[in-house]
Visitor: 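Pasting in a structure now, in structure tokens, and then I'll have a few things to ask.
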Amino acid sequence: MARHPKGVVDGAIVSWEQLATHLVSIIGESGFNSLYARSVFLAQSTFPWLVASSPLPQTDGRFVELRISFEGQTPVQVSEANSLLLIIFTDVLASLIGEQLTTKIVRSSWGINVQDRADKGFSDE
């Protein structure tokens with residue numbers, strides 16, 4: 001994917017869409033939008049080119065500005081910025097609802113089965 005900037009951007013956006021879909025059903029649209037906007041704000045100190053998406057009611061447009069921000073960068077920059085943004089987002093969420101529940105929600109939204117990982121020798125920690 002690193003050779004194909006569009007693939008890196010698409011992968012990042014799909015991850016965010018999956019997370020948003022799952023979390024909106026739990027914390028609501030405004031709750032997700034608040035956490036996401038806060039995370040982008042915090043990540044902007046490292047990646048000032050990141051733009052926070054305005055809170056849109058349609059799920060189609062939620063990450064348009066993020067996609068535009070990513071498309072102007074190299075695949076490495078996109079990967080690094082997306083990683084930091086996800087780390088900040090999950091840290092903020094974990095500070096509100098706890099690490100265990102955050103981990104469970106994130107894994108569930110991305111289709112990561114905890115039991116499958118344990119069976120293959122991966123730790124939950």
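We count residues from 1, following the sequence as given.
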Visitor: Any chain of hydrophobic side-chain contacts (each under 4.5 Å) joining L35 to I87?
Guide: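 Shared cluster, no.
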Visitor: Distance from N33 atom CG to R38 atom CZ, nearest 0.5 Å?
Guide: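 Taking CG in N33 and CZ in R38, the distance rounds to 15.5 Å.
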Visitor: Please walk me through it: do T74 and V78 pass side-chain contact (heavy atoms from CB on, under 4.5 Å)?
Guide: CA-CA 6 Å; T74 67; V78 170; over 6 Å; no
Visitor: Looking only at non-hydrogen atoms, find the nearest pair between V51 and Q44 and report the distance.
Guide: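 The answer is CA-NE2, 4.1 Å.
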Visitor: Excluding sequence neighbours, so at least two apart, what forms side-chain contact (heavy atoms from CB on, under 4.5 Å) with A43?
Guide: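 Testing A43 for side-chain contact (heavy atoms from CB on, under 4.5 Å), a comparison that skips the adjacent residues, returns L50, L84, L85, I88.
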Visitor: Who passes ring-ring contact (aromatic ring centres under 6.0 Å, His included) against F89, sequence neighbours left out?
Guide: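 So F89 forms a ring-ring contact (aromatic ring centres under 6.0 Å, His included) with W16, F32.
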Visitor: Transitively linked via ILVMFWY side-chain contacts under 4.5 Å: V40 with V14?
Guide: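 No; tracing contacts between hydrophobic side chains, which count when under 4.5 Å, never links both residues.
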Visitor: Side-chain donor-acceptor contacts of residues 91-101 below 3.5 Å, not counting sequence neighbours, with atom names and distances?
Guide:
from	atom 1	to	atom 2	distance (Å)
S95	OG	V92	O	2.6

Visitor: So, taking the atom named CZ in F63 and the one named CG in L19, what distance separates them when rounded to the nearest 0.5 Å?
Guide: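 Rounded to the nearest 0.5 Å, the CZ-CG separation comes out at 7.5 Å.
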Visitor: Which atom names give the shortest non-hydrogen contact between V8 and S79, and what distance separates them?
Guide: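 Closest heavy-atom pair between V8 and S79: CG1-OG, 3.6 Å.
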Visitor: CD1 of I68 to CD of Q73: how many Å apart, nearest 0.5 Å?
Guide: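 One finds 12.5 Å between CD1 of I68 and CD of Q73.
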Visitor: Assess whether side-chain contact (heavy atoms from CB on, under 4.5 Å) is satisfied between I26 and I105, documenting all intermediate values.
Guide: CA-CA 9 Å; I26 297 168; I105 289 169; 4.0 Å; yes
Visitor: Distance from K104 atom NZ to S109 atom OG, nearest 0.5 Å?
Guide: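 Reported to 0.5 Å precision, the distance equals 13.0 Å.
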Visitor: Using a 4.5 Å cut-off on heavy atoms from C-beta on, say whether the side chain of E29 contacts that of R62.
Guide: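 The answer is yes, as the side chains (C-beta and beyond) meet within the 4.5 Å cut-off.
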Visitor: Can you check whether Q77's main-chain N or O pairs, donor with acceptor, with E80's side chain at less than 3.5 Å?
Guide: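 Answer holds: no.
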Visitor: Side chains of W49 and F70, heavy atoms from C-beta outward: is any pair under 4.5 Å?
Guide: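 SC-SC contact between W49 and F70 confirmed.
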Visitor: Rounded to the nearest 0.5 Å, what's the gap from CD on E65 to OG on S69? Could you check?
Guide: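 Between E65 CD and S69 OG, I get 7.5 Å after rounding to 0.5 Å.
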